[in-house]
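Before any comments, here is the structure.
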Amino acid sequence: MFLPTLREAPAEAEVPSHKLMLRAGMIRKLASGIYSYLPLGLRVIRKVERIIREEMDRAGAQEVLLPAIQPRELWDKSGRWNVYGKELLRFKDRHDHHYCIAPTHEEVITDVVRREVRSYRQLPLILYQIQTKFRDEIRPRFGIMRGREFGMKDAYSFDADDEGAEKSYQRMYEAYCRIFKRCGLKFKVVEAETGPIGGSFSHEFMVLADTGEDAIVSCSECHYAANAEKAEVTSPDPASSLSTPLKPLEKVYTPEIKAVSEVSEFLGVFPQELVKTLIFQTDDGVVAALVRGDHEINHVKLRNFLGSHVLELADEQTIVGVTGAPVGFAGAIGLHNIRIIADNAIRGMRNFVMGANEKDFHYINVNLDRDFKVDSFGDVRMITSQDRCPKCGGLIQFFRGIEVGHVFKLGTKYSEALNATYLDKEGKERLLVMGCYGIGVGRTVAAAIEQNHDSDGIIFPITIAPFQVIILPLDMSDRMIAETAESLYKSLISKEIEVLLDDRQEWAGIKFKDGDLIGIPIRVTIGRKTLDKGSLEVTLRSKRATHLVKPHEAPSFIEELIKKEIYDQTE
RNA sequence: CGGGACGUGGCUCAGUCUGGUAGAGCACAGCGUUCGGGACGCUGGGGUCGCCGGUUCAAAUCCGGCCGUCCCGACCA
């Protein structure tokens, strides 16, 4: 088998899954965010795909395969040629026609379905495909966790009405739970933002891991869980300070003091007594956003609140132009001709600190209305651990997660844009109601490794392991050991057990190390020491528990062990 | 796109400051000893020092440009 393992991790790898996949000879990099899968890696990918196919088919979805290269016209119709941005890789063919490499397949699938589906009798319909997609990520990282080219399963549902769409969504949701459970993952389902895909609501399937790119929150009391950027802040304004009498506004000298931490330290106040003023560039001009010093602005919320496509922190020049001061001294007092948005938490503040729009100066004892006016208040900040659950008021907990699946209820966004309709019972023309459901296949593998490894290597859940069993004959030059290994290999194969025989002329230590590294769940060690006593060793990678077994009993013992492992994992 | 770091044999890295014969460990090939947790000995092969240009008697080393990779940030399924 072509299985080039590495003793040391290449310098480019940062997180455990990336390092281990390289070291275990699963993948190799071709360019930034673009990887080749070697035999071992491909086997794991195929395992995950098989589970996905089984569960999709069971849920009544049918597999198709759609083009990866798509003409611009299709993307113009949905309006996404312009909206999608630089992530969409575009190019021209020899006739100068524009094409893109599909980052997702809503357009084509809707196009296929609208041509073929005429009647409500053909509904509901769920189609899915597993294929390579391309998104020209700003910063690919963590190996195949955030690659540019990546394997993805995407499913699309078409229903006659909202009620039907709801059922399809539910069905996919349940299939997803089964898929990730079968892959041996510990995951959470959270409410999420819909992003450029669009739609009315969505859930993300998050694999819990410290190295996850997403922050998620969940309630300690009820079932509420959400992506941190989605999580609503409903905490009441701390009204206590509102009874404090207003003090007179005062300008203080704060040389070279800019960051919130510097200002609060310099003035001897808490960060929550400061107000940060952030200047943003939007679709229609520059906007100022105010949040409390210890809070963080939530870009998604602010963008939604403003209804703007573009939302970027303004560059230094713009800030100087608008505030008249260098970055770090912006404030709301004296800001004219620009919209001022404030987070709800600002309402409850009295006598706070704010930039003076003048180099090296801040105001203290600033107060709303008296000193400046806010155009509108809203929930535009990130939730914190001090906030309460928006559903039940319980305590909020934070986790890190890797997004492996995302389900969206799309509604009629694409059917409207591409005119995908059917005739109902009354013969009236109506829009198809859609949903879309993605799973990152490679990312699921990376997440599984992120969640299941130790200092020696990967510990694959048996359902997605490249092989279920690895046989290690410690000395291939020993006739009896070699023969015992060969015959065990054959009898396991005949039981349709996936087994790898390490028949290399290598040191025992190397075989053990490689075996641990590539993470095969069950190891059979055949060596002089125990063979002389008439037995083999069967070891579980996960628990390091060893059983001594007679050679002729080994095949059925292993078969039972595999069944038990699969059962334990999916119970 | 902004900030930072890096690019020397397949891998990990030294050498660059202070210009003067291109190195180590691992890996690889051969022979021998060996064979239960990354052995040992001997021998050997392998490098346009990322690319282009400049300075110099002389450049891996100094200067300029470009390319690539990684990290942090902005952004994003």
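Please read all numbers here as calculations on a predicted model, not as lab measurements. First the proteins, then the strands, lettered A, B, ... as listed; each starts at 1.
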Touch class at under 4.0 angstrom, heavy-atom based, for E12(A) against every strand present: sugar-phosphate
Pair assignment for G19(B), Watson-Crick or G-U wobble, requiring both distances under 3.5 Å: none
Sugar-phosphate, base or nothing in reach of D516(A), heavy atoms under 4.0 Å: base
Interatomic distance at P, U48(B) relative to C67(B), whole Å: 24 Å
Q70(A)-W75(A) side chain donor-acceptor pair, cut-off 3.5 Å: yes
Residue-phosphate contact under 4.0 Å: K29(A) side-chain N/O, C70(B) OP1/OP2: yes
Atom pair distance, as rounded to whole Å: CG in N298(A) and C1' in C75(B): 14 Å
Touch class at under 4.0 angstrom, heavy-atom based, for G438(A) against every strand present: nothing
Sugar-phosphate, base or nothing in reach of E8(A), heavy atoms under 4.0 Å: base
Touch class at under 4.0 angstrom, heavy-atom based, for K133(A) against every strand present: nothing
Whole-Å P distance, C26(B) and U43(B): 15 Å
Between G7(B) and G15(B) - P atom distance, rounded Å: 10 Å
Sugar-phosphate only, base, or nothing, as touched by R148(A) at under 4.0 Å among non-hydrogen atoms: nothing
Interatomic distance at P, C42(B) relative to A14(B), whole Å: 27 Å
Sugar-phosphate, base or nothing in reach of L474(A), heavy atoms under 4.0 Å: base
Base partner of G64(B), which must satisfy Watson-Crick or wobble distances under 3.5 Å: C52(B)
Touch class at under 4.0 angstrom, heavy-atom based, for R523(A) against every strand present: base
Whether Y173(A) and Y169(A) hold their rings parallel, tilted or perpendicular, with breakpoints at 30° and 60°: tilted
Q281(A) CD - G2(B) P separation (whole Å): 17 Å
P gap between U18(B) and A27(B), integer Å: 38 Å
Touch class at under 4.0 angstrom, heavy-atom based, for E537(A) against every strand present: base
Sugar-phosphate only, base, or nothing, as touched by A192(A) at under 4.0 Å among non-hydrogen atoms: nothing
With I526(A), the side chain to side chain contact (heavy atoms under 4.5 Å, CB included) member among L472(A), D475(A), I471(A), D478(A): I471(A)
Whole-angstrom distance between C17(B) and A60(B), as gauged at atom P: 12 Å
Base-pairing mate for C35(B) - Watson-Crick or G-U, with both contacts under 3.5 Å: none
Residues R80(A) and Y414(A): side-chain donor-acceptor under 3.5 angstrom: yes
P gap between C40(B) and A5(B), integer Å: 39 Å
Same-atom distance (P) from U55(B) to G10(B), integer angstrom: 32 Å
Watson-Crick or G-U wobble partner of C1(B), both distances under 3.5 Å: G73(B)
Sugar-phosphate, base or nothing in reach of A13(A), heavy atoms under 4.0 Å: nothing
Nucleotide C76(B), atom P - distance to CZ of F150(A) in whole Å: 16 Å
